[in-house]
Amino acid sequence: ATLAGGASAETSVPFALDWKFEGPSAPYFAAIDNGHFAAADLDVEISPGRGSLDAIPKVATGAFPIGFADINSLIKFLDQNPGAPVTAVMMIYDKPPFAVVGRKSLGVSAPKDLEGRVLGAPPPDGAWAQFPAFASANGLDMSKITVEPVGFPTREPMLAEGNVAAVTGFSFSSFLNLVRLGVPEDDISTILMADYGLELYGNAIIVNTDFAAANPEVVTGFLAAVAAGWKDAIADPAKAIESLVERNPAADAALETRRLQLAIDANVATDAVMANGLGGVDAARMEKALAQLAETYEFQNAPDASLYFTDAYLPDASARMLK
Amino acid sequence: MTLRAVLVPLAALVIFGLLWELLVWANGWPNYKMASPSDLWPAFWKFRWLFLEYGWDTLWRTVVGLLVAVIFGVGLGMIMGFSRLMRDALYPLLVGFNAIPKATVVPIIALLFVGQHDMNTILIAFLISFFPIAVSVSIGLSTLEPEYRDILRSLGASNLTIFWKIALPKTLPEFFGALKVAVTLAFIGTNLMEIVEPHGRGLGHLFDSGKISADYPLMFAVLIALALMGILLYYVVVALEKIFAGWAERSPT
Amino acid sequence: MTLRAVLVPLAALVIFGLLWELLVWANGWPNYKMASPSDLWPAFWKFRWLFLEYGWDTLWRTVVGLLVAVIFGVGLGMIMGFSRLMRDALYPLLVGFNAIPKATVVPIIALLFVGQHDMNTILIAFLISFFPIAVSVSIGLSTLEPEYRDILRSLGASNLTIFWKIALPKTLPEFFGALKVAVTLAFIGTNLMEIVEPHGRGLGHLFDSGKISADYPLMFAVLIALALMGILLYYVVVALEKIFAGWAERSPT
Amino acid sequence: MTNLIEIKGVRHAYKTQDGPLPVLDGLDVSVPEGGFVAVVGPSGCGKSTLTRLIAGLMKPDEGEVRLHGDLVKGPKSTVGMAFQNPVLLEWRTILKNVMLPLEIVPNRLSAREKEDRARELLALVGLEGFEEKRPSELSGGMRQRASLCRAIVHKPEVLILDEPFGALDAFTREDLWQTMLKVKEREPFTGVLITHDLRESIFLADQVVVLSGRPARTQYVMDVHLGAERTLDDLYTPETAEALNTLRHQIQIAQGRAPEVAA
Amino acid sequence: MTNLIEIKGVRHAYKTQDGPLPVLDGLDVSVPEGGFVAVVGPSGCGKSTLTRLIAGLMKPDEGEVRLHGDLVKGPKSTVGMAFQNPVLLEWRTILKNVMLPLEIVPNRLSAREKEDRARELLALVGLEGFEEKRPSELSGGMRQRASLCRAIVHKPEVLILDEPFGALDAFTREDLWQTMLKVKEREPFTGVLITHDLRESIFLADQVVVLSGRPARTQYVMDVHLGAERTLDDLYTPETAEALNTLRHQIQIAQGRAPEVAA
Ligand SMILES: Nc1ncnc2c1ncn2[C@@H]1O[C@H](COP(=O)(O)OP(=O)(O)OP(=O)(O)O)[C@@H](O)[C@H]1O
Ligand SMILES: Nc1ncnc2c1ncn2[C@@H]1O[C@H](COP(=O)(O)OP(=O)(O)OP(=O)(O)O)[C@@H](O)[C@H]1O
Ligand SMILES: [Mg+2]
Ligand SMILES: [Mg+2]
């Protein structure tokens with residue numbers, strides 16, 4: 001799996017993103033453009049994806065040695081496909097972006113407000129999948145909430161039209177889409193589930209375990225570069241976005257800067273991360289997260305936290321500090 | 001003859017299944033790359049009631065959409081077949097419309113008719129499948145041999161009569177060919193709606209559920225169920241064809 | 001005649017555009033529900049270079065996929081047209097395969113041939129568009145009037161010769177009809193790959209970008225660009241048809 | 001005398017890629033009500049074109065075609081036509097093929113009566129037992145006979161026959177001549193018969209029109225003086241022999257094989 | 001004497017929905033090399049079926065069909081056939097239609113030579129000037145002539161003609177008879193001619209075979225004793241008149257109109 005690229009001795013490492021080239025993927029491009037990967041002798045090519053469930057198999061089959069995906073999806077994947085050679089090695093979204101986005105003018109500004117109102121939810125939506133756990137943590141009576149299944153493309157337009165009072169979705173995406181649709185920003189209430197009792201973790205860097213076992217130093221170098229990329233992006237989001245727009249000329253720079261900033265503030269640069277550095281998980285919280293997952297998902301096998309995350313490849317905490 | 005008509009396709013299906021199993025087995029592909037037929041039975045069995053219920057949802061909407069497509073397609077085909085002007089004017093518009101991926105039309109429809117899930121699904125199945133039918137009818141009409149047309153024209157028959165008595169029967173083999181294509185497209189249309197704008201019904205929804213829980217055998221099982229339903233509908237078309245256009249089949253000797 | 005052949009479709013397009021504008025205007029629909037033609041110009045203008053570059057990506061992959069589909073479809077159609085056994089055996093499999101939404105096949109292909117974006121895109125364009133061609137060729141062959149066939153058979157001609165000299169020319173009008181359907185399907189295939197498995201090229205990617213930044217006029221502009229490219233390719237097919245199957249067009253008098 | 005069919009000074013040219021091909025060039029034919037005119041002429045001179053003009057399937061470039069004094073503007077259901085090429089609808093049985101005009105031309109027959117009429121005609125032309133067969137299961141001559149039945153099944157006022165007996169052997173043909181006379185007596189019609197059999201033209205028609213070579217004009221018209229009751233023996237009289245000779249000579253002129261002298 | 005075509009005890013029935021329809025029932029025909037046999041018989045008796053058997057397009061249920069002593073197993077490129085229905089390929093010009101066999105049957109002609117040959121034949125049958133027309137622009141008789149050209153263009157060893165002159169007027173037809181004799185002299189072939197014109201059969205053939213009504217068997221065989229150099233005057237000799245009479249009588253027997261007496 002180590003391909004020496006011609007004249008340079010760089011190791012080629014394809015990196016599978018979970019989603020398209022949006023603001024929150026700018027830090028990885030920044031890591032390339034600022035030479036962090038090159039410093040670790042890595043030649044990284046980033047590929048967009050169609051969701052976590054696209055990125056995970058890409059890494060599990062070995063097509064990509066490293067990827068980026070939601071750890072909750074990974075847990076389910078490993079439960080359904082025991083022994084698949086994939087695991088998470090670095091937590092990026094300390095708080096998952098799972099959110100309920102409502103409109104104050106339609107009466108939604110806190111979890112309790114959902115009762116008696118219509119909630120739009122795309123069934124395959126990651127945020128919707130956590131909603132039951134969120135509901136039980138907040139003591140919501142599910143029977144009082146009318147859930148309307150909606151499609152991804154129509155989710156925000158339906159809210160903008162007032163067909164539903166709130167939707168489930170990723171905090172940064174739904175918020176910005178609504179703004180684009182002409183909903184006043186102060187009318188939008190973003191209820192981040194992680195702020196209301198949801199203990200789950202969010203997206204993490206995942207690796208093919210076979211690859212990682214064979215190239216531990218490559219993985220560690222990669223993770224250090226990622227941390228550096230995030231650090232740069234937090235310091236100067238606009239510059240990071242420039243790296244992104246270079247890859248996707250059709251992207252709207254202002255919008256993506258905004259999206260990146262939202263992700264940084266709500267999901268990445270949390271208090272815990274600022275204190276301990278990017279990438280680690282807390283074993284106690286992980287146990288709670290697994291328990292919450294079990295509320296919504298029926299495990300085929302007994303959950304085992306060690307299968308899903310390992311800190312074996314994490315670089316020193318000093319290399320992971322965001323400031 | 002009838003036995004053969006059943007055995008040959010069945011044998012083909014079995015051979016195909018075996019080859020598939022072999023391919024997966026030989027490559028040692030994991031489920032999430034490609035599931036093999038033997039993995040699918042448990043999925044089918046576990047969700048057998050849902051398969052029946054959702055399968056029925058998908059089926060009836062597809063059939064209704066297809067019926068609308070047949071009616072509309074035949075009408076449109078007649079207009080284009082009889083009038084060169086309309087053919088010149090409408091063909092490019094239709095081709096343009098059909099070159100637009102229907103997946104992108106789904107949200108527009110869903111937003112236009114919020115909540116009308118059945119209607120929306122039927123609408124997409126219809127929109128995606130009428131074109132081949134219109135094309136085949138229009139070609140059948142515009143290439144109708146003048147000798148045939150003259151037989152009826154000399155009797156003072158109207159264009160509509162010419163269509164019913166000559167053009168339609170003569171063009172039936174092509175029409176049924178187009179219908180076979182339309183059947184497959186209508187299925188795609190129904191599922192597109194069920195997957196892109198989920199509303200908790202139909203096999204598309206089941207596929208989605210499989211995707212959410214990363215249950216790859218279930219996803220493959222849904223696809224196979226779709227294929228089987230397509231085949232089912234195909235045989236309905238074949239039966240109709242036997243009745244209405246059996247004369248057209250030429251034996252080689 | 002040639003003037004008319006240009007003016008009529010153009011007039012139809014303009015009338016269609018006006019009706020659309022009127023519809024949006026009369027209903028007062030917001031952009032995200034349905035953009036109107038007048039909203040699209042800024043989007044076109046702003047991204048004109050990207051439209052050209054990505055449009056070319058989409059076009060050439062579509063054309064290559066279509067060519068493969070023509071070759072494969074004609075071959076398959078010949079096999080099914082000449083042999084009843086193969087027809088009975090293959091038709092159900094093909095219908096089943098085609099009833100599976102290609103959007104769900106895209107990830108499987110993408111996973112099988114990682115990184116081969118061009119090939120994957122062409123593959124999907126091909127997979128989605130060969131069926132109508134195979135059907136039309138197979139029907140043309142199996143319904144070939146024995147009188148025509150006998151002319152060549154009596155000279156001791158092989159099946160292949162019969163196909164080239166009689167079956168193919170005689171079935172050309174239907175073949176071109178199928179090609180017109182296939183053109184639209186191939187476009188859908190290319191875009192499916194570009195949208196579902198993003199790799200930063202093609203109009204599908206531009207659409208996706210529009211979606212990400214909720215730029216509805218851009219999304220509609222991409223769809224219109226796709227439609228126009230479909231129409232462009234349609235006229236290429238029409239030109240070929242004029243050359244090869246002009247005889248089949250019957251004037252009504 | 002009122003002429004049911006009146007053709008005056010008709011000119012027609014087909015538009016082809018290499019310019020117009022003049023086919024009819026000054027054609028005059030008139031058929032009184034109840035009359036039967038045979039048209040003969042060299043192959044390719046324009047006889048079938050003439051039938052299409054009378055049937056209203058085409059309009060002449062110049063001149064007039066009138067039925068009952070009215071200009072022919074389009075096809076009429078009172079016209080029956082047997083085309084030179086007996087195209088039968090392959091997806092219908094012979095019986096259903098013959099019944100086709102009855103499905104289209106307004107009439108008051110019940111389904112039963114329609115079928116009876118078609119069966120009767122088929123029996124008349126010797127196709128009993130083939131009613132339920134498909135056209136592809138018939139021989140060339142049998143198809144021609146079925147097409148003849150289709151032309152007359154709806155008792156048309158005007159009957160146009162384009163070489164209706166071309167594919168038949170001498171005896172079947174002579175049988176059908178007599179059948180046609182019988183039919184005409186029972187259900188009178190005004191007829192135009194295209195043929196290349198001069199004896200046939202004399203036996204069936206009241207008048208024989210000889211067309212010149214392409215572009216065709218009316219070159220010669222001969223009245224036939226056989227009574228309504230004709231037998232095959234009438235074909236072997238000296239008068240008939242003379243008439244046949246005159247016609248042969250005229251056609252030779254039409255083909256440019258003999259010098260044109262006043263007949 | 002070696003017979004090039006040898007048909008012995010051939011029986012054939014078509015499978016139809018109402019059971020088998022026996023068409024040939026004990027057919028014997030033999031044609032020596034260079035011979036020309038005419039086959040006559042009532043409409044629908046099985047003449048076209050016979051041609052299909054000789055051409056190898058069908059196999060008989062019983063009996064043998066041999067060419068050069070070998071059982072016919074399938075179509076051969078040394079056979080030329082003019083079908084009763086002169087199907088031309090609509091998408092080709094007349095010239096290209098006639099050239100079709102030259103494209104398929106192996107030969108050493110250059111493109112130029114092929115075209116020259118086709119043009120020559122078209123001129124021979126009076127279709128000069130129509131080489132570049134489409135079949136739909138031709139009259140019935142002209143199509144038939146084109147189809148005749150197609151049958152002989154590749155100089156087949158065996159030529160099967162199924163009523164090749166049916167749609168032609170008497171003079172064009174007689175012209176073509178003479179043309180055929182000339183062609184045969186220049187490019188000898190062994191021929192089978194289906195016709196319903198008895199004078200045609202006598203003028204062209206060395207032997208006339210009369211088939212009985214369906215199911216057909218060989219009912220009568222007559223040798224024609226006209227020399228190789230035939231003129232139309234030969235048709236008006238007393239011998240020919242007698243031969244014609246005999247044939248007429250035989251066909252009447254075939255149609256069940258006259259009692260069968262030893263001829
Ligand atoms: N659709 C057409 N387009 C162009 N030319 C045509 C068309 N139909 C007929 N012709 C030409 O018109 C002439 C007369 O044709 P028509 O069919 O009337 O002849 P006809 O007298 O019926 O001959 P035949 O006895 O051989 O049937 C022919 O030279 C033919 O080539
Ligand atoms: N494909 C077929 N299927 C069934 N029956 C057929 C088929 N072809 C011919 N027949 C029947 O076989 C008989 C003989 O047909 P054939 O065409 O050989 O007659 P023919 O002697 O050529 O007559 P004609 O002089 O009218 O052309 C007819 O009764 C016809 O109905
Ligand atoms: Mg004619
Ligand atoms: Mg015959």
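Every value quoted in this text rests on a predicted model; they were computed, and no experiment measured them. Just so it is clear, the values below take in all heavy atoms, side chains as well, and ignore hydrogens, waters and symmetry mates. Protein chains get the first letters and strands the later ones, always in sequence-line order, with residue 1 at the start of each.
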Chain C-proximal positions within residues 252-263 of chain A [heavy-atom distance under 4.5 Å]: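 If one takes a 4.5 Å heavy-atom cut-off, the residues of residues 252-263 of chain A near chain C are A:D252, A:L255, A:E256, A:R259.
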Any residue of residues 159-168 of chain A which, by heavy atoms, sits under 4.5 Å from chain C: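 Interface residues of residues 159-168 of chain A: A:A160, A:E161.
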Within 6.0 angstrom of C:F16 CZ, more than 12 heavy atoms from elsewhere: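 For C:F16, atom CZ is not crowded (no more than 12 foreign heavy atoms under 6.0 Å).
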C:E21 atom CD, over 12 foreign heavy atoms within 6.0 Å: yes
Residue pairs fulfilling salt bridge (Lys or Arg N to Asp or Glu O under 4.0 Å) with at least one residue in residues 117-137 of chain C, sequence neighbours excluded: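 Qualifying pairs: C:R61-C:D118.
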From A:K20 atom NZ to C:K211 atom NZ, the distance as rounded to the nearest 0.5 Å: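 One gets 5.0 Å once the value is rounded to the nearest 0.5 Å.
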Shortest non-hydrogen separation from C:Y216 to A:P157 and the atoms involved: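 Looking at all heavy atoms of both residues, the closest pair is OH-CG, 3.6 Å.
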Heavy-atom contacts under 4.5 Å, residues 121-135 of chain C to chain A: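 Hits under 4.5 Å: none found.
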